[in-house]
Amino acid sequence: MGTAPSGAPAVESVRATVYNVPTELPEADGTLAWSSTTMVLVQVTAADGTTGTGWTYGAPACARIVEDALAGIVRGSDPMNVPGTFDAMVKAVRNMGRPGVAGYAISAVDVALWDLKARLLGLPLHRLLGAVRETVPVYGSGGFTTYDENQLVDQVLNWVEHQDIPRVKIKIGESWGTNLQRDLARIRLVRNRIGTDVELYVDANGAYTRKQAIRVMLLATSEDVRWFEEPVSSDDLIGLRDVRDSIPADVTAGEYGYDLAYFERMCAAGAVDCLQADASRCGGITEWQRVAAVAAAHNLEISGHCSPHLHAHVAAATPNLRHLEWFHDHVRIESRFFDGALDPTGGSITPSAEAPGHGLTPRLSEMEAYR
Ligand SMILES: [Mg+2]
């Protein structure tokens with residue numbers, strides 16, 4: 001059995017598997033439509049047989065990058081030294097470019113390595129990272145532009161009335177901001193049905209122009225929207241700042257960030273009221289913690305983008321956390337694919353205090369149908 005310098009069993013194997021899960025209804029936001037979601041699952045196994053699991057929602061090509069560019073670095077590595085392996089992976093993808101597919105691949109491996117380390121130590125991952133809270137707030141997220149009124153209302157009321165989640169987010173900016181009246185009608189409909197006590201969030205996925213985004217919020221003033229995600233492109237830092245200065249809702253962005261410099265630029269530009277980051281893209285748990293520190297240095301909170309089960313433990317260990325996104329698409333897949341999936345009833349999730357690692361076990365035989 002290979003033993004690492006720390007005395008832990010060294011990493012012996014790395015596997016990446018691609019799963020494709022069709023959506024139950026057509027889904028779209030302001031700038032993209034899709035009919036299925038791809039998960040790339042990564043499993044790292046130590047010499048004693050202990051396995052850590054990570055994943056990302058990226059292109060199938062992520063699996064190829066894990067196998068061709070990263071597995072050789074991870075095999076033989078010391079599972080106690082996750083930041084060292086992370087650093088070696090980042091350096092190895094220099095010429096293929098970290099933003100994009102390589103960043104997703106590194107993220108999935110990093111999460112698998114943290115899970116492995118916690119399992120080897122017999123600790124829940126949030127205890128290994130150092131917990132600052134027992135429960136993690138979430139908000140219901142979906143409200144796709146492809147839903148009709150009944151589908152939209154059913155979904156938000158399921159969060160609010162059945163699961164008692166006091167925060168919901170819907171997509172607006174339909175068809176690159178060309179259907180403003182429908183956007184406004186959907187905001188009004190949802191506010192009307194959820195009542196005044198539930199926080200209403202909207203996400204335009206960068207669909208609007210600067211003035212258009214401001215006009216939408218002025219026209220919706222009486223609906224008390226609290227969170228306006230990517231009102232304009234997240235590449236338009238000046239535009240985000242303009243919108244932020246003109247409306248009462250918090251302006252947020254960050255889901256397409258892949259490295260610390262990106263998040264630092266966004267924060268330094270005064271572009272957001274709350275920074276978002278996605279551990280399945282930005283570099284796993286290792287980098288998400290550093291992104292949270294960048295936000296903290298700018299007196300900002302951080303919110304986890306999508307894949308709530310992947311963020312649950314690091315969120316519990318992050319002092320300046322606002323919440324996680326209980327994203328319909330990913331919740332559906334994670335609840336189906338993993339034993340140990342979490343319950344958002346009451347508006348928060350509670351990572352297990354007993355189960356080692358992130359507490360999730362993939363149901364590989366049931367997943368086979370989607371491979
Ligand atoms: Mg978004």
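The model shown is predicted, which means the values in this text are computed figures rather than measured ones. Whatever order the structure lists ligands and atoms in, that order sets their numbers, starting from 1. All residue numbers refer to positions in the sequence shown, counting from 1.
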Enquirer: Can you tell me if D29 has an N, O or S atom under 2.8 Å away from the Mg ion (ligand 1)?
Expert: no
Enquirer: Please state whether the separation between the Mg ion (ligand 1) and some N/O/S atom of E230 is under 2.8 Å?
Expert: no
Enquirer: W114 and T286: side-chain donor and acceptor closer than 3.5 Å?
Expert: yes
Enquirer: Report yes or no: does D203 have an N/O/S atom closer than 2.8 Å to the Mg ion (ligand 1)?
Expert: yes
Enquirer: Tell me, which N, O or S atom in E229 is closest to the Mg ion (ligand 1)?
Expert: OE2
Enquirer: Testing the 3.5 Å rule here: is there a donor-acceptor pair between the side chains of E134 and H126?
Expert: no
Enquirer: Indicate the ring-plane relationship of W288 and H311, choosing parallel, tilted or perpendicular according to the 30° and 60° boundaries.
Expert: perpendicular
Enquirer: Write the atom name of the N, O or S atom in E255 that is nearest the Mg ion (ligand 1).
Expert: OE1
Enquirer: Considering the options D203, T252, V243, which one meets the side-chain contact (heavy atoms from CB on, under 4.5 Å) requirement together with P231?
Expert: V243
Enquirer: Looking at R193 and E223, is there a salt bridge between them, counting it only when a charged N and a carboxylate O are closer than 4.0 Å?
Expert: no
